[in-house]
Every structure is written in C-alpha cells, then in structure tokens.
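One structure below.
Nothing here was measured: the structure is a model prediction, and the numbers come from that model.
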Amino acid sequence: MKFIKREQLKEKPSDLQFGKHFTDYMFMMKYHDGGWDYDNACIKPYEPFVLDPSTSVFHYGQAVFEGLKAYKNDKGEVRLFRPMENMKRMNDSCWRLCIPQFDEKFVHDAIAELVKTEKDWIPTAPGTSLYIRPFVIATDETLGVHSSKNYIMAVILSPVGAYYAHGFDPVRLYVEENYKRACKGGTGNHKVAGNYAASILAADEAEKKGYDQTLWLDAAENKYMEEVGSMNIFFVINGKVVTPKLGGSILPGITRRSTIELLKARGYDVEERLVSVKEVVDAAKDGTLDEIFGTGTAAVVSPVGEFGFEGKDYKVGDGKLGKVTKYVYDELTGIQTGVKPDEFGWVERVI
Ligand SMILES: *Cc1c(COP(=O)(O)O)cnc(C)c1O
C-alpha cells in the first residue's frame with residue numbers, strides 16, 4: 001500500500017462529538033478503465049476532493065457507505081468488531097447501485113492499516129472509540145443518467161465520545177404514518193446514501209414534535225414496525241424478545257444480528273417476525289411491554305422510554321433502562337473492548 005506522509009499533524013480535539021473531527025490520514029482508491037486501481041490505492045493526508053460540478057454523484061446520488069468502530073483499551077490493544085461483515089454488506093450495497101464489486105479482503109486490510117497508522121487518535125475512555133466510515137461515490141463527469149465508469153472509494157476516521165456520557169438516556173420515538181423510508185424492491189435493505197436523504201424530513205418533523213427519532217412503518221400496509229433512524233429495533237413483550245424480520249425493506253444491521261445470536265446463545269427466546277403497531281400498543285396498554293431498544297454501531301444499544309402513535313404517547317416498561325437492554329449493551333461492549341471473552345469469534349485484534 002502506498003503511503004503519502006503529511007507535513008504537519010493536526011492537533012487532537014478535546015471534545016469528541018460524533019463525526020465532527022477527522023484524523024490525519026485517509027484511505028483512497030479509484031476505479032477507472034474497467035477496474036479498481038489496487039496498485040495506486042493509498043493512505044494519504046486527509047484532504048478535500050476536487051470534483052467537477054457535473055460529477056454524477058452530486059446529481060443522481062450513486063453512493064454507498066459503511067460504519068464500523070475500532071476500540072482501544074487501556075493496555076493499548078485495538079480491536080475491530082466483525083469488520084468483514086461490513087465489507088460484505090458494502091459490496092452488496094454496491095451491487096444494488098451498479099457499482100463494481102471490490103476485493104473485500106484488500107479493503108479490510110487497508111482499513112486495518114489505516115487504523116494502525118492512526119492508533120494515537122483512538123480514545124480509550126469507557127464508551128469512546130474510533131468511528132470508521134468507508135464510502136464509494138460515482139465520479140463520471142456527465143449529466144447522463146447511467147451507471148458511472150469512474151468511482152472513488154475512501155475511508156475516513158473520526159474519534160467519537162461515549163454515546164451515553166451522562167448515563168443511559170432513554171429516547172422517545174415517533175411512529176411515522178405518512179412518510180416512508182423504504183419498500184420491498186427499493187434500496188432500504190442496502191446502506192445507500194439516498195435512503196438518508198429521503199428520511200430527513202420525517203426526522204425533522206418528529207424532532208419539532210419533541211421526539212428524538214422516527215420509528216418507520218412498512219410501506220405496503222402501514223401496519224408493521226420496521227426500524228428506527230439508523231438503528232434496528234427490538235421489543236421485549238411479556239418476557240419474550242421480538243424483532244421485525246428482514247423482509248427486503250429493513251437494513252440488515254450487524255449489531256442486530258449480533259444481538260440475536262448473543263441472546264439465543266444465552267438461552268433467550270428471540271423471534272424474528274412481523275411486529276404490528278397494534279401488538280405493541282396493546283402490550284403497552286395491558287402492561288406487558290417490558291422494553292424497547294434500538295441497535296446500531298453508533299450507540300450499540302439505545303433504550304427507548306416512550307413512543308408516540310396517533311397523537312398519544314405510550315410508556316415503555318417503567319420508562320427507564322430495561323434488563324435485557326442493559327444485558328445486551330454490557331455483553332456487546334464487553335466483547336468489543338476485550339473485557340469479556342470473545343466466544344463467538346467476532347473481534348479482530350489490529351494491535
Ligand atoms: C447502519 C444502519 C443500521 C445499523 O446497522 P449496524 O450494522 O448495526 O451498524 C440500521 N438501520 C439503518 C438504516 C442503517 O443505515
């Protein structure tokens with residue numbers, strides 16, 4: 001891998017707001033003349049792209065991304081959590097947007113190399129990590145609508161603080177009945193940039209009404225829970241864990257899968273099936289809705305204290321952090337940071 005050294009290193013930030021600060025170096029690889037240019041792929045100083053205004057990604061949004069984290073403990077050990085799953089999912093997203101497939105092992109190794117280069121940027125305080133953002137954009141310079149013949153793949157790194165700096169803070173969700181995030185046959189089950197563009201209006205409106213995030217319903221029947229903002233969702237109803245099954249419109253989260261595998265291995269009943277709003281509202285009314293939590297790389301696990309539907313708010317359990325939610329958080333973050341044994345073979349030591 002080529003390495004281009006930078007003259008002067010940046011000053012490390014003192015606040016670690018999510019996605020605000022970026023490290024000294026980035027990974028970059030181009031696709032041109034019918035292939036990914038592995039020979040000229042490089043780790044180089046973090047810097048702006050210079051792109052022609054006609055560049056196709058600006059107009060038609062042919063872009064995919066990923067999100068994963070590197071964790072460093074106080075011994076200086078650095079770990080990645082299931083990184084090959086991110087590589088595989090990014091290739092799946094590329095396939096859906098007609099972006100050429102890439103060598104997953106090559107990009108994985110490039111990420112490991114980049115993380116090693118930037119090891120001094122990885123915070124060590126509990127709950128902190130280095131967020132890794134790989135992405136691919138289409139770079140043909142034309143307004144013609146077709147799949148591009150040129151692409152840039154890049155990976156940037158951002159040190160991030162503890163999601164729960166002041167303890168677990170249960171979020172309030174707004175069950176969205178008008179706008180849709182995804183439908184079967186669309187792109188909702190892939191990590192493509194446009195999914196987010198289409199979801200911002202609903203998120204803004206939910207926020208204005210005093211909620212933290214949108215809880216999406218299915219597009220066909222407007223009846224079934226799908227997922228939240230950038231998280232998958234789990235319900236604990238009458239002691240049983242249920243999560244919406246992946247039906248082509250839900251993003252297959254790696255934290256979601258890990259949560260299911262972990263809970264099943266520890267003897268919990270976990271069901272992947274359709275979960276209607278009615279079922280959850282009824283459970284809230286008769287007192288059997290024990291917990292709701294979201295799962296995703298950024299927060300790992302996010303407790304839900306309340307949700308709003310058809311103008312009414314429903315409390316989840318006692319509105320505080322639930323038992324299963326805390327268990328999943330403690331176990332997953334324990335494995336990620338090397339505090340708990342990695343019985344599933346999920347973590348990869350980089351340093
Ligand atoms: C990334 C993402 C998730 C969570 O996936 P993880 O692999 O667990 O980080 C959930 N929903 C959407 C829409 C996402 O983009």
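Across all non-hydrogen atoms, the minimal contact from P134 to I111 is CG-CD1, 4.1 Å. Taking all atoms of both residues into account, the shortest heavy-atom contact from C98 to Y151 is O-OH, 3.4 Å. For the residue pair G19 and S158, the shortest heavy atom distance occurs at CA-OG, 3.4 Å. Shown here for R256 and F234, the closest heavy-atom pair between the two residues is O-CZ, 3.6 Å. When all heavy atoms of Y131 and G67 are compared, the closest pair comes out as OH-CA, 3.2 Å. The heavy-atom pair separating M1 from F27 by the smallest distance is SD-CE1, 3.7 Å.
The pair K326-D330 meets the salt-bridge criterion, with a side-chain N (NZ, NE, NH1 or NH2) lying under 4.0 Å from an Asp/Glu carboxylate O. Under a 4.0 Å N-O distance rule, the pair K191/E66 does not qualify as a salt bridge. Comment: D33 does not engage K149 in a salt bridge, judged by the lack of any side-chain N to carboxylate O separation of less than 4.0 angstrom. Under the 4.0 Å criterion applied to side-chain N and carboxylate O atoms, K180 and E226 are not assigned as salt-bridge partners. A salt bridge links D15 and K20; the closest N-O separation between the charged side-chain nitrogens and carboxylate oxygens is under 4.0 Å. Between E343 and R266, at least one side-chain N (NZ, or NE/NH1/NH2) sits under 4.0 Å from a carboxylate O, which counts as a salt bridge. Under the 4.0 Å criterion applied to side-chain N and carboxylate O atoms, K323 and E291 are not assigned as salt-bridge partners. Using a 4.0 Å cut-off between charged nitrogen and carboxylate oxygen, K278 and D282 count as a salt-bridge pair. Here K315 does not pair with E306 in a salt bridge; the nearest charged N to carboxylate O distance is not below 4.0 Å. Taking a cutoff of 4.0 Å between a charged side-chain nitrogen and a carboxylate oxygen, K44 and E47 qualify as a salt bridge. Salt bridge E271/R273: present, at least one basic N to carboxylate O contact under 4.0 Å. Comment: E207 does not engage K209 in a salt bridge, judged by the lack of any side-chain N to carboxylate O separation of less than 4.0 angstrom. Remark: R82 does not engage E348 in a salt bridge, criterion side-chain N to carboxylate O under 4.0 Å.
Defined by atom type and a distance below 3.5 Å, a donor-acceptor pair is missing between the side-chain atoms of D74 and T124.
The OH atom of Y224 sits 7.5 Å away from atom CG of D218, with the distance rounded to the nearest 0.5 Å. Here the CG-OH distance, from L157 to Y25, works out to 12.5 Å after rounding to the nearest 0.5 Å. Annotation: the span from Q8 atom CD to K5 atom NZ amounts to 11.5 Å, rounded to 0.5 Å. Atom-to-atom distance recorded for E227:CD and N189:CG is 10.0 Å, nearest 0.5 angstrom. Considering CG of D169 and NZ of K320, their distance stands at 12.5 Å, rounded to 0.5 Å.
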Is there a side chain to side chain contact (heavy atoms under 4.5 Å, CB included) between K69 and I132 once you walk through the steps? CA-CA 5 Å; K69 283 175 168 177; I132 305 168; 5.9 Å; no
Determine whether K116 and I351 satisfy the following criterion, side chain to side chain contact (heavy atoms under 4.5 Å, CB included), listing intermediate values before the conclusion. CA-CA 7 Å; K116 271 192 218 166; I351 295 173; 3.8 Å; yes
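Residues S147 and I99 are not in side-chain contact: their nearest non-hydrogen atoms beyond the backbone lie 4.5 Å or more apart. Between Y31 and F102, the closest side-chain pair of non-hydrogen atoms is not below 4.5 Å.
Between Y211 and Y174, the ring-plane angle classifies as tilted under the 30° and 60° cut-offs. Relative ring orientation between F168 and Y329 is described as perpendicular, the plane-to-plane angle rising above 60° on a 0-90° scale split at 30° and 60°. The aromatic rings of F106 and Y38 lie perpendicular to each other, with more than 60° between the two planes, well past the 30° mark.
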